[in-house]
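Input: a single structure, listed below in structure tokens.
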Amino acid sequence: MDNRKEKILVVDDEASIRRILETRLSMIGYDVVTAADGEEALEVFSREHPDLVVLDVMMPKLDGYGVCQELRKDSDVPIIMLTALGDVADRITGLELGADDYVVKPFSPKELEARIRSVLRRADRDTASGIPSSGVIHVGDLKIDTNKRQVYKRGERIRLTGMEFSLLELVVSRSGEPFSRSEILQEVWGYTPERHVDTRVVDVHISRLRSKLEDDPSNPELILTARGTGYLFQRITEPKE
């Protein structure tokens, strides 16, 4: 049985935040490593291979956006961005670069802990209901393997983050039926939206999925918009095996 603690890399140039998060996350059972700037973050990441990264945006040497871009070149590790930026568009930038979620400073440590649990759980979640026993679904030129959590398009693997795969798996599990943005946020991220802007997390991840899976993301044929509701995956009519 694997009793290894899940490892979290906390990246923030404020020493007080690093100390608080290191203490609190260690107390609830995580192995915590820290970095004070973007360049150090990449060094620690390559050495420690963490299970999740908590990443501040505004940092010296290399900001959080740059770190996120570098990590996403060859890693699907879950990333939660910490941002004090007031502009919603700036907060969404992290998601567009591949982050899984964001928390706005000043934040409640309990809120961040809940987001961490949710992201880690979804990165390693069981297969959703409605998925065939084989765990493999074929939709046109797509092959979705829910056991290996991998997607192939025309035989070539498409790299998805853990949250992106969980989102895809959710909408595929009830193909042809719409999900509201709030429902998706609750099912995939594990929290209820408190503000309208919270559901932008869903919109950005849907957009990223479309850019990776659709032949023409501006005219999607797989992940469709349900007007006035949210999103749905095209109804799967062909055999799923």
Side-chain angles (χ1 to χ4, degrees), residues 2 4-12 17-18 21-22 24-26 28-35 38 41-42 44-57 59 63-83 91-105 107 109-128 146 148-151 157-170 184-191 198 200-209 211-212:
D2 185 5
R4 183 184 71 88
K5 290 183 178 180
E6 290 172 302
K7 184 179 293 185
I8 297 176
L9 169 58
V10 174
V11 187
D12 199 298
I17 291 181
R18 294 198 306 275
L21 293 183
E22 183 174 13
R24 291 189 63 109
L25 294 174
S26 296
I28 59 176
Y30 295 111
D31 184 5
V32 182
V33 292
T34 64
L42 295 177
V44 175
F45 181 87
S46 64
R47 182 175 69 246
E48 299 289 344
H49 306 291
D51 299 291
L52 180 141
V53 179
V54 176
L55 181 61
D56 188 32
V57 171
M59 293 186 299
D63 66 15
Y65 297 144
V67 174
C68 187
Q69 282 183 303
E70 287 299 312
L71 293 180
R72 282 291 172 258
K73 288 181 179 179
D74 54 15
S75 174
D76 300 329
V77 66
I79 298 173
I80 298 178
M81 304 287 287
L82 299 180
T83 173
R91 298 204 297 270
I92 295 302
T93 297
L95 298 175
E96 292 173 336
L97 292 174
D100 295 285
D101 204 352
Y102 67 83
V103 175
V104 180
K105 291 182 175 180
F107 59 88
K110 287 187 176 181
E111 177 190 4
L112 178 59
E113 290 162 15
R115 298 286 183 92
I116 288 172
R117 285 193 297 270
S118 176
V119 170
L120 285 173
R121 182 173 64 248
R122 288 299 168 182
D124 192 35
R125 69 189 291 264
D126 293 331
T127 55
T146 62
K148 296 180 179 178
R149 294 178 66 79
Q150 295 177 355
V151 177
R157 184 179 174 187
I158 305 299
R159 181 181 291 277
L160 300 184
T161 67
M163 299 301 279
E164 288 169 350
F165 190 91
S166 292
L167 174 56
L168 175 64
E169 189 178 26
L170 177 69
I184 292 172
L185 195 63
Q186 290 173 318
E187 290 290 329
V188 177
W189 280 266
Y191 61 88
D198 289 344
R200 284 293 305 279
V201 174
V202 176
D203 294 334
V204 175
H205 277 74
I206 288 289
S207 177
R208 284 179 58 83
L209 269 180
S211 70
K212 293 179 178 183

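The figures that follow rest on heavy atoms only: side chains count, while hydrogens, waters and symmetry mates do not.
Test Arg159, His205, Arg208 against Glu164 for side-chain hydrogen bond (donor to acceptor under 3.5 Å, both in side chains) and you get one pass: Arg208.
Residues passing the salt bridge (charged side-chain N to carboxylate O under 4.0 Å, His left out) test with Asp31: none are found, sequence neighbours excluded. Contacts of Glu113 classified as salt bridge (charged side-chain N to carboxylate O under 4.0 Å, His left out), with partners at least two apart in sequence or in another chain: Arg24. Take Lys148 and apply the salt bridge (charged side-chain N to carboxylate O under 4.0 Å, His left out) test, not counting sequence neighbours, and it matches no residue. In this structure Ser75 satisfies the side chain to side chain contact (heavy atoms under 4.5 Å, CB included) test together with Phe45, Val77, sequence neighbours excluded. The salt bridge (charged side-chain N to carboxylate O under 4.0 Å, His left out) test applied to Asp63 returns no partner, not counting sequence neighbours. With sequence neighbours left out, Ser26 forms a side chain to side chain contact (heavy atoms under 4.5 Å, CB included) with Glu22, Val32.
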> Can you check side chain to side chain contact (heavy atoms under 4.5 Å, CB included) on Leu112 and Leu82, steps first, answer last?
Replying inline: CA-CA 9 Å; Leu112 178 59; Leu82 299 180; 4.3 Å; yes

> Val119 and Ile80: side chain to side chain contact (heavy atoms under 4.5 Å, CB included), yes or no, with the steps?
Replying inline: CA-CA 8 Å; Val119 170; Ile80 298 178; 4.0 Å; yes

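Here the closest non-hydrogen pair linking Tyr30 and Lys5 is C-CD, 4.3 Å. Nearest heavy atom pair, residue Asp101 against residue Val201, reads OD1-CG2, 4.1 Å. Taking both residues in full, the closest heavy atoms of Val44 and Ala35 are given as CG2-CB, 4.3 Å, listed atom of the first, atom of the second, then distance. Heavy atoms only, all atoms of each residue included: Cys68 and Leu55 are closest at N-CD2, 3.9 Å. Closest approach of Met59 and Gly64 over heavy atoms only: CE-N, 3.9 Å. Of all heavy-atom pairs spanning Arg115 and Tyr102, the tightest one is NH1-O, 2.9 Å.
From Asp51, atom CG reaches atom CD1 of Ile116 across 11.5 Å, with rounding to the nearest 0.5 Å. Rounded to the nearest 0.5 Å, atoms CD (Glu70) and CG (Leu42) are 6.0 Å apart. In this structure, the separation between CG on Leu95 and CG on Asp203 is 10.5 Å, given to the nearest 0.5 Å. Remark: Ile79 CD1 to Leu71 CG distance equals 5.0 Å, nearest 0.5 Å. Considering CD of Gln186 and CG of Leu170, their distance stands at 11.5 Å, rounded to 0.5 Å. Met163 CE to Leu209 CG: the interatomic distance, rounded to the nearest 0.5 Å, is 11.5 Å.
Between Arg72 and Asp100 there is a salt bridge, since a side-chain N of the basic residue sits under 4.0 Å from a carboxylate O of the acidic one. Using a cut-off of 4.0 Å between Lys/Arg side-chain N and Asp/Glu carboxylate O, Lys105 and Asp12 are scored as salt-bridged.
At a threshold of 4.5 Å between non-hydrogen side-chain atoms, the residues Glu6 and Ile8 do not count as touching. By the 4.5 Å heavy-atom criterion applied to side chains, Arg149 and Ser166 are counted as neighbours.
Checking side-chain atoms of Asp56 against main-chain N and O of Val11 turns up no donor-acceptor pair under 3.5 Å.
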